[in-house]
Amino acid sequence: MAGRAVLRVQVVLSRCNTRGNSGSAAGYCLDLVRKRDYEGFLCTLLLPPGSQTSAFALRALNVELSQVKDSVSQRNLGLMRMQFWRDAVQEIYSGNTPHHPVALELSKAVQKHKLTKRWLTRIVDERENNLDNRAYGSLKDLETYAENTQSSLLYLILETLDVRDVHSDHAASHIGKAHGIITCLRAVPYHSSRRQVFLPVDICMLHGTSQEDFIRCSQEKNVKDVIFDVASQAHVHLEHARSFKRKVQGKAFAAFNITVALDSYLKKLRKADFNIFHPSLQRKNTLLPLYFYVRSWKKTY
C-alpha cells in the first residue's frame, strides 16, 4: 500500500514538472507555488481537476503578496506593489485584466467560480497592513492577521469546490488561524537571524522574554514557554475545526489538506521540547507528499 502510494505521488509530481514548464500563465502559477509554497503546492495537487488551476492562481497571488515584505528595501516600494495587486483585483472584476500571468489566471478563476471579491481584497489589505516591521501586539492580533490572509484564502478555495456554507467556512476560519500562527512560529529562526521578532508582545511579556532572547536564540525555559503558548493556540484552532467535522460537506475536506503539514510541524515542535531553534524543525520532511496523499484517501482533515 505504502509503495503504491509513493509511486502515485511520484507520477503526479512528474506530470506537474511537465505542466509547469509549458510557459503558459497557468504554468507560471504552478511553478511559483511549487518553488515558494511547496506545502500549498502539494495540497493543490489533491484537489479535483476542475479546481486545481484556479487554486494554483489563488495560491500564486498569495505568494506574490507574501514576498513583498522581504523583497523591498523601503516601505513605499512595498505599498506600490500592494497597490498594483489591489488595482489588479479591481480590474479583474471590471473586465480589464492586466497582462500579468497571475492576474490572467486569477481572472479565469473569478469568472469560472464566481469568486467573492471581498476575500481577495481582504488578503491584499491585510498584507499591506503587515508591511510595518512591528511585532503583533497580542495573540489576538496574530489571529486577526491569519483570519484575513490564510482563512480568506481557504474561503476562496472552498468556492472553487462549489462549497459555500457556514460550517465549512467555520472550519476554514479555524484552520486558517492555525496556519497563520504556525507560519509565524516557523519564521522565528529566520527573523531572529535578521534581528527581528514578530511574536505576540503580550505572550512575551507574560513570560518575561525580550527581543534579545530570541535574537540570540536562547533556549531558556521562558522562551520555550512563549513558543508553547503560541503553538497551543494553533492546536486549539485545529481541534475546534475538527469538532464539527460531521457538519462539513465531504467535498470541502480537500481544501483542508494543509492540516497535514500543520500537524506535522506541531508534532516536531513537541518532540523538540518547544525549542524553536532546534535543527530538526528546519529540515524538510521528505515524506510529506506521502502523508498528504494518504490523508486525501481518508476523507478527513
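All figures in this text were calculated on a predicted structure; none of them were measured in a lab.
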Pairwise side-chain contact, H113 with D162, heavy-atom cut-off 4.5 Å (strictly under)
no
Checking the side chain of K112 only, and the main-chain atoms of G50 only, is there a donor and an acceptor separated by less than 3.5 Å?
yes
For V63, does its backbone N or O pair with a side-chain atom of S66 as donor and acceptor, under 3.5 Å?
yes
Is it true that a side-chain atom of N285 and a backbone atom of L287 form a donor plus acceptor pair closer than 3.5 Å?
yes
What's the verdict on side-chain contact (heavy atoms from CB on, under 4.5 Å) for Y136 and E143, showing C-alpha distance, side-chain angles and the deciding distance?
CA-CA 10 Å; Y136 298 100; E143 289 176 316; over 6 Å; no
Give a yes or no answer on whether the side chain of H100 reaches the backbone of V102 with a donor-acceptor pair at less than 3.5 Å.
yes
State, yes or no, whether a side-chain contact exists between L269 and F228 at a heavy-atom distance under 4.5 Å.
no
Would a hydrophobic clustering, with Ile, Leu, Val, Met, Phe, Trp and Tyr connected at side-chain separations under 4.5 Å, put L156 with L104?
no
Sub-4.5 Å side-chain heavy-atom contact between I157 and L153:
yes
Does R118 offer a backbone N or O that forms a donor-acceptor pair with the side chain of T116 under 3.5 Å?
no
Check: Y301 main-chain N/O paired with R242 side-chain donor or acceptor under 3.5 Å:
yes
With a 4.0 Å cut-off, would you call R164 and E159 a salt bridge?
yes
Tell me whether D70 is salt-bridged to R194, with the criterion being a basic N under 4.0 Å from an acidic carboxylate O.
yes
Can you tell whether the side chains of R186 and E39 come within less than 4.0 Å, N to carboxylate O?
yes
Hey, is the main chain of D169 close enough, under 3.5 Å, to the side chain of S173 for a donor-acceptor pair?
no
Any side-chain donor paired with an acceptor under 3.5 Å for Q233 and K177?
no
Would you mind reporting whether P289 and Y38 have side-chain heavy atoms less than 4.5 Å apart?
yes
Under the ring-ring contact (aromatic ring centres under 6.0 Å, His included) rule, what do F244 and H167 come out as? Steps first, then yes or no, please.
CA-CA 8 Å; F244 43 85; H167 299 303; 7.2 Å; no
Closer than 4.0 angstrom, basic N to acidic O: yes or no for D263 and K267?
no
What I want to check is whether the side chains of R59 and T44 have a donor and an acceptor closer together than 3.5 Å.
yes
Using modelled atom types and a 3.5 Å cut-off, is there a donor and acceptor pairing between side-chain atoms of S107 and backbone atoms of A103?
no
Taking the side chain as every heavy atom from C-beta outward, state whether V163 and D165 have any atom pair closer than 4.5 Å.
yes
Is a salt bridge present between R86 and E91, judged by a nitrogen-to-oxygen distance below 4.0 Å?
no
Assess the side chains of H179 and Q150: does a donor N or O sit below 3.5 Å from an acceptor N or O?
yes
Report yes if some heavy atom in the side chain of D225 is under 4.5 Å from a heavy atom in the side chain of D229; otherwise report no.
no
Could you tell me whether the side chain of S54 and the main chain of A109 form a donor-acceptor pair under 3.5 Å?
no
Compare all side-chain heavy atoms of F214 with those of L199 and state whether any distance is below 4.5 angstrom.
yes
Donor-acceptor under 3.5 Å (K69 side chain, N130 main chain):
yes
Does NZ or CZ of K298 come closer than 6.0 Å to the centre of the six-membered ring of F256, within 45° of the ring's axis?
no
Is it true that E64 and R36 make a salt bridge, defined as a side-chain N closer than 4.0 Å to a carboxylate O?
no
How about L115 and T160: do any of their side-chain heavy atoms sit closer than 4.5 Å?
yes
